[in-house]
Each structure stands twice: as structure tokens, then as C-alpha cells.
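Structure record follows, encoded as C-alpha cells.
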Amino acid sequence: MARCNASRVIFVLLCCMHLLSCAAEEAYNIESFGAKPDGRTDASQALAAAWSAACRSPEPATVYVPSSEFFVSHAAFAGPCSGRMTVQIDGTLVAPSGYTGSDSSGEAWIVFDHVDGLTVSGGTLDGRGDSLWACKADGHGGCPDGATSVKVMNSRDVVISGVKSVNSELYHVVIDGCEGVTVQNARIVAPGSSPNTDGIHVQSSSDVTITSASIQTGDDCISVGPGTSNLRVEHVSCGPGHGISIGSLGKESEERGVENVTVSGAAFVGTENGLRIKTWGRAARSGAYVRGVVFEHALMRDVSNPIIIDQSYCPNDGGHGCPHQSSDVQISGVTYTDIQGSSASQVAVKFDCSASNPCSGLGLQDIKLTFDGGKPAEATCQHADGTASGVLMPPSCL
């Protein structure tokens, strides 16, 4: 009887193992499609072939990048696919050296388009942006805009997990026209002097979550563009960089607004800004707005502008015709709660709102920011209305 029972147990286990094996995702190793792990031979065609085969699979499928270095000139992953897609990167993808692969249109190096049900997991993406930054630093002109490292567009149900992006020419990660995206445990690294290297940029997207990210870069750690709604950012460390920014908005004649944004548990170290909202100082009649924003539980250390609303944004004029104009972007319902730490400037809270469209419904609660070895920092307000409580700085200005 014991032998019979043992045989039955073994039989059941074997059946379970078979079923699990059948249910497992099919894996498409890019080396099986001709990719060479030497960091020099272009693996773009191998990536495309592996993606095409995986995309046709009726079951969930994985494009697998082994633990080696692969040179990729450009990669475009297009859907729709038959089942859920995973790109598992255990190695490093390396962009072309120099900037010959970029053009003035700012084309992305790696693109995912119209993929519903996507996971990008692990690995390192090396954008090799130093040559382009040097060109821009020379100031002689003629430099291309550069390439975004990863762009996910027109997609739904997307997870980007454990990805490390280094030295992107332009933005590191862009989420554009998407719904239901989670970026988690990302690490983004570029020098503080690298221009326009935003860490994660979100625009025209809804239901996006960015969590547990470490971002060191030369521009905004996270930037929020027009048409963004239901965005949650939590437990993000930022520095060096320009902080977390909503905007800039109001540059174009027609723009969608930004609403329902929560930034919670962020830490800023040595950044130019902390929590920023910026709009162009021009009457573009864009129709853009910012409303329903919560900034909470943030820690600042030597941040130049810990809390700032700048509605006079007009970098170097640049022919945009905005000096001395008033922004038409309406900002309302923005609250700041439990913001603590140190400011690198005497004015830690600056609300420079539009004269023609004043900020309304601003709220400051439990703000404790110091300057110059522990002295209370100051706040200034123009065209701003709201309430303040528990604010340890003179004057509260609201």
C-alpha cells in the first residue's frame, strides 16, 4: 500500500511539473537569433527577430538578453502582440558611441509602441551621452537634440522594474500616451552637468506610478508634461538634478492640463529645486492648468528652491516673446504637507504666480525648512491665495 501511495504521489508531482512547464513563458534568447555578446557587433536585428517571434506567440513570451554586453544601434518594439510580453535584461545594452545615431528630431534609442501588457525587467542601458554633452558645452551650435534612451508610447498595462539607465543623451525614460504604467526600483545615473537628461518624463498619460527610484541627473529627476492625470510618485531620491517638476506648461497654443498628482516620501540632496511647478510666462491661450496636487512627507538637504511655483518661466527668452507677459495657466488646489530639511537659499518657499491667473487653494502645513545653520528660512508670495498652518518661517505669506 505504501508503495502504491508513493507511486501516486510521484505521478501527481510529475503531472504538476509537466503542467507548470507547459504554462511557463516561452523564452526567446537573442543569442539564438544571432546576437553576439562582444559589445561591438550590432544586435539590433537579433533583438527585432526575437521580439517578432515572441510577439506572435499566443502564450506570454519573454525576450531574453543574457548577462553580457550587447551593442544596439536602435531598437523598436511594436505591438500589438498576441500575449503579454516580457523583456528580461540580465546584461547591458550599449548605444552607439558619439552621437551619429541621433538626429535633430530627438528619436528614441529604444522604443515600445502600442504594446498592451508589457514588462521590462532588470539590466543596464548605457546611452553613452558624453560626446553629445561635450558638443553642447562647446557652444558652437550644430549639435543634434540627442536621443531619449527608452520611450514607451501608446501602451497599457506596463511594468518597468529594476532597470538601470546611465548617461542617456537626452531623457532617460519617457512615458507618452500610456495608461496603467508602473516604474519601480529604477536607478538613473548621469552627471549633474549633463544637459536635458531628465530622469523620468511623463506626458499625455494616466494612472502612472513611480516608486522606489534613485535618480541622479543633470535636469529634472521627474518631469510631468501636459495631459498627465492620476500620477503617483513615492519614495524617490533625487540629487544631483533639478528636482521634481510639473511643467513646463503653457508654451504651446493648445495644451492639456495636469491633475491628480501625488508626490510622497521624496528625498532631495543638493538639487536646484525640490518640488516645482513651472509655466511659461506668456499668454499662449493654451488652456492648460494644474490642479489637485499633493506634495507630502518630503525631506530636503541643501536644496536651492525647496518649494517653488514659477509662472514666469522663460529660459533665455529664446525668441519665445514671453518677457513681462503673464502666464495663462491656472494653478489651483496644490497642498504641501510635512516638508522638512534645509534650504541652500534664504527663501525656501517661493510662489511667483500669474498676475492674470492667480494661484488659488494653495495649502502649507507642517513646513519646517531652515537656512544657514538652522535659521528659519523665508517665504515669498505673489498673486497667491491659500492657507498655512504649522509653518516655521517668517512670514508665512498665505
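Computed from heavy atoms alone, side chains included, the values below leave out hydrogens, waters and symmetry copies. All figures in this text were calculated on a predicted structure; none of them were measured in a lab.
Around NZ of Lys36, the count of heavy atoms belonging to other residues, nucleotides or ligands within 6.0 Å does not exceed 12. Other residues, nucleotides and ligands contribute at most 12 non-hydrogen atoms within 6.0 Å of the NZ atom of Lys350.
Note on residues 168-199: pairs passing ring-ring contact (aromatic ring centres under 6.0 Å, His included), not counting sequence neighbours, are Tyr171-His201. Judged as a disulfide bond (SG atoms under 2.5 Å apart), the pairs with a partner in residues 221-276 (not counting sequence neighbours) are, in order, Cys221-Cys238. Pairs passing the ring-ring contact (aromatic ring centres under 6.0 Å, His included) check and including a residue from residues 145-168, sequence neighbours excluded, do not occur.
Looking at Ile89 and Val163, their side chains never come closer than 4.5 Å, going by heavy atoms from C-beta outward. A 4.5 Å side-chain heavy-atom check between Ile309 and Cys359 finds at least one atom pair inside the cut-off. Within the 4.5 Å cutoff, the side chain of Pro96 has heavy atoms near those of the Phe71 side chain.
The hydrophobic side chain of Val94 is isolated, with no ILVMFWY side chain under 4.5 Å apart from it. Using a 4.5 Å cut-off between side-chain heavy atoms of Ile, Leu, Val, Met, Phe, Trp and Tyr, Leu299 forms no hydrophobic cluster with any other residue.
Under the 4.5 Å side-chain contact rule for hydrophobic residues, Ile308 and Ile222 do not share a cluster. Using a 4.5 Å cut-off between side-chain heavy atoms of Ile, Leu, Val, Met, Phe, Trp and Tyr, with links allowed through other members, Leu118 and Val208 fall into the same hydrophobic cluster.
Not a single donor-acceptor pair under 3.5 Å links the side chain of Gln382 to the backbone N or O of Ser354. For the pair Ser44 (side chain) and Ser73 (backbone), a donor-acceptor distance under 3.5 Å is present.
Applying the salt bridge (Lys or Arg N to Asp or Glu O under 4.0 Å) rule to Glu179 yields no partners; only residues at least two apart in sequence or on another chain are considered. With sequence neighbours left out, Phe77 forms a ring-ring contact (aromatic ring centres under 6.0 Å, His included) with Trp51, Phe112. For the salt bridge (Lys or Arg N to Asp or Glu O under 4.0 Å) test, residues two or more places apart in sequence or in another chain that qualify with Arg291 are Glu259. Residues satisfying the ring-ring contact (aromatic ring centres under 6.0 Å, His included) criterion with His383, sequence neighbours excluded, are absent altogether. For the ring-ring contact (aromatic ring centres under 6.0 Å, His included) test, residues two or more places apart in sequence or in another chain that qualify with Tyr336 are Phe295, Phe351. A search for salt bridge (Lys or Arg N to Asp or Glu O under 4.0 Å) contacts involving Arg156 returns Asp116, not counting sequence neighbours.
Sulfur-sulfur distance for Cys381 and Cys353: not below 2.5 Å, with no disulfide indicated.
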Only pairs under 3.5 Å count here: list side-chain donor-acceptor contacts from residues 189-198, not counting sequence neighbours, and write none if there are none.
residue: Ser194; atom: OG; partner: Pro191; partner atom: O; Å: 2.6
residue: Ser194; atom: OG; partner: Thr197; partner atom: OG1; Å: 2.9
residue: Thr197; atom: OG1; partner: Ser194; partner atom: O; Å: 3.1
residue: Thr197; atom: OG1; partner: Thr217; partner atom: OG1; Å: 2.8
residue: Thr197; atom: OG1; partner: Gly218; partner atom: N; Å: 3.1
residue: Asp198; atom: OD2; partner: Ser223; partner atom: OG; Å: 3.0

- Please report the C-alpha distance between Asn154 and Asp113 in whole Å, then the side-chain angles of each, then the deciding distance to 0.1 Å, and finally whether the side-chain hydrogen bond (donor to acceptor under 3.5 Å, both in side chains) criterion is met. CA-CA 6 Å; Asn154 309 313; Asp113 189 11; 3.0 Å; yes

- Task: Show your reasoning for whether side-chain hydrogen bond (donor to acceptor under 3.5 Å, both in side chains) applies to Gln365 and Ser389.
- Result: CA-CA 5 Å; Gln365 182 175 355; Ser389 65; 4.6 Å; no

- Would you sort out whether Thr279 and Gln311 count as a side-chain hydrogen bond (donor to acceptor under 3.5 Å, both in side chains), showing the intermediate values? CA-CA 5 Å; Thr279 72; Gln311 292 208 260; 3.1 Å; yes

- Task: Evaluate the criterion side-chain contact (heavy atoms from CB on, under 4.5 Å) for residue pair Glu255 and Leu249; output intermediate values, then yes/no.
- Result: CA-CA 8 Å; Glu255 280 186 1; Leu249 302 176; 3.9 Å; yes

- Message: Could you walk me through whether Thr211 and Gln184 satisfy the side-chain hydrogen bond (donor to acceptor under 3.5 Å, both in side chains) test, starting with their C-alpha distance in whole Å, then the side-chain angles of each, then the deciding distance to 0.1 Å, before giving a yes or no?
- Response: CA-CA 5 Å; Thr211 182; Gln184 59 192 20; over 6 Å; no

